[in-house]
Amino acid sequence: MLNRHAREFFTKLFTPLARFLIKRGVTPDTVTVVGTFGSVLGALILFPMGQLFWGTIVITAFIFSDVVDGIMARLPEHKSTNDGRWGSFLDSTMDRLGDGAIFTGVAIWFFTGGNNVAIGIAALACLVSGSLVSYARAKAEALGFDANTGIAERAERLVLTLVFTGLTGLGLNEWVLCSVLILLALASVVTVLQRVWKVRTQALL
């Protein structure tokens, strides 16, 4: 839902930057990799140090590369040497790495200096259930099915996690973050079940 409503706005916002990077010889793949590793470093360095707000700021800045690389790939100025499948594969793989680092960083902090095991467990639950959401769709599409459904897609999970992690760093009661992560994990499980049911329905036709 968030992807559909926000895509047009962010496309208009970042198209000038995308054109600038292409003119400078920067490729979408480079933006994808740099953005991912920036997010990973922010999540695995700042979050475990307890810098939840600044970690969120750094991660959010690099996450926008996920929008920019897609815009770059679609611009007519971009001279692609592949049919787009490589870029899609790289982007999806880097997304999984970045998401995993975010939830891992949150878990590390709350298992250690943050001293809140419940949040640590909830973060790991989000990590596992979120991975299942992505895997279910990828496997379904590899088998020729459509599994593009569910109440908790990547954008929603990521936005809510970062917003409430950042607010926790500013003093929001950490049990609010715990509640949000638990709800996200449950929503992810529901999404997996929705995708399984959709694929099962198609398989029976």
Side-chain polar contacts of residues 16-26 - donor-acceptor pairs under 3.5 angstrom, sequence neighbours left out - could you list them?
unit_1: Arg19; atom_1: NH1; unit_2: Glu77; atom_2: OE1; d: 3.1
unit_1: Arg19; atom_1: NH1; unit_2: Glu77; atom_2: OE2; d: 2.1

Tell me whether [X] shares a hydrophobic cluster with [Y], the cluster being built from Ile, Leu, Val, Met, Phe, Trp, Tyr side chains joined at under 4.5 Å.
X      : Y      : answer
Phe103 : Ile108 : no
Val189 : Leu132 : no
Val106 : Ile182 : no
Val199 : Leu143 : yes
Leu41  : Leu158 : no

CZ of Phe37: more than 12 outside heavy atoms within 6.0 angstrom? no

Taking side-chain hydrogen bond (donor to acceptor under 3.5 Å, both in side chains) as the test, write out the residues that go with Glu174, two or more places apart. Asn116

For the student: nearest non-hydrogen atoms of [X] and [Y], plus distance:
X      : Y      : answer
Ala122 : Cys178 : CB-O, 4.4 Å
Gly120 : Ala107 : O-CB, 3.8 Å
Ala152 : Ser188 : CB-N, 4.1 Å
Val34  : Phe62  : O-CD2, 4.0 Å
Leu52  : Gly169 : CB-CA, 3.8 Å
Gly150 : Gln194 : CA-OE1, 2.9 Å

Is there a donor-acceptor contact under 3.5 Å from the side chain of [X] to the main chain of [Y]?
X      : Y      : value
Glu156 : Ile151 : no
Ser39  : Gly98  : no
Arg195 : Thr149 : yes
Thr112 : Trp109 : yes

One thing to verify: whether Arg157 and Glu153 come together as a salt bridge, which I'm taking to mean a side-chain N less than 4.0 angstrom from a carboxylate O. no

[atom2] on [Y] to [atom1] on [X], rounded to 0.5 Å:
X      : Y      : atom1 : atom2 : value
Asp29  : Asp69  : CG    : CG    : 8.5 Å
Ile102 : Thr56  : CD1   : OG1   : 8.5 Å
Arg137 : Asn148 : CZ    : CG    : 4.0 Å
Ile71  : Thr15  : CD1   : OG1   : 4.5 Å
Phe53  : Leu162 : CZ    : CG    : 12.0 Å
Asp146 : Lys198 : CG    : NZ    : 3.5 Å

Any [X] side-chain heavy atom under 4.5 Å of [Y] side chain:
X      : Y      : answer
Asp99  : Thr104 : no
Ile57  : Leu46  : no
Phe111 : Leu124 : yes
Phe47  : Ile59  : yes
Asn173 : Val176 : yes
Val58  : Ile45  : no
Thr161 : Leu181 : yes
Leu177 : Leu172 : no

Donor-acceptor side-chain pairing of Thr27 and Thr30 below 3.5 angstrom: yes

Answer with yes or no whether the side chains of Arg96 and Ser131 bring together a donor and an acceptor at under 3.5 Å. no

Give the intermediate values and the outcome of side chain to side chain contact (heavy atoms under 4.5 Å, CB included) for residues Leu90 and Trp86. CA-CA 6 Å; Leu90 179 65; Trp86 158 251; 4.1 Å; yes

Can you list everything that forms a ring-ring contact (aromatic ring centres under 6.0 Å, His included) with Phe14? Sequence neighbours excluded, please. Phe64

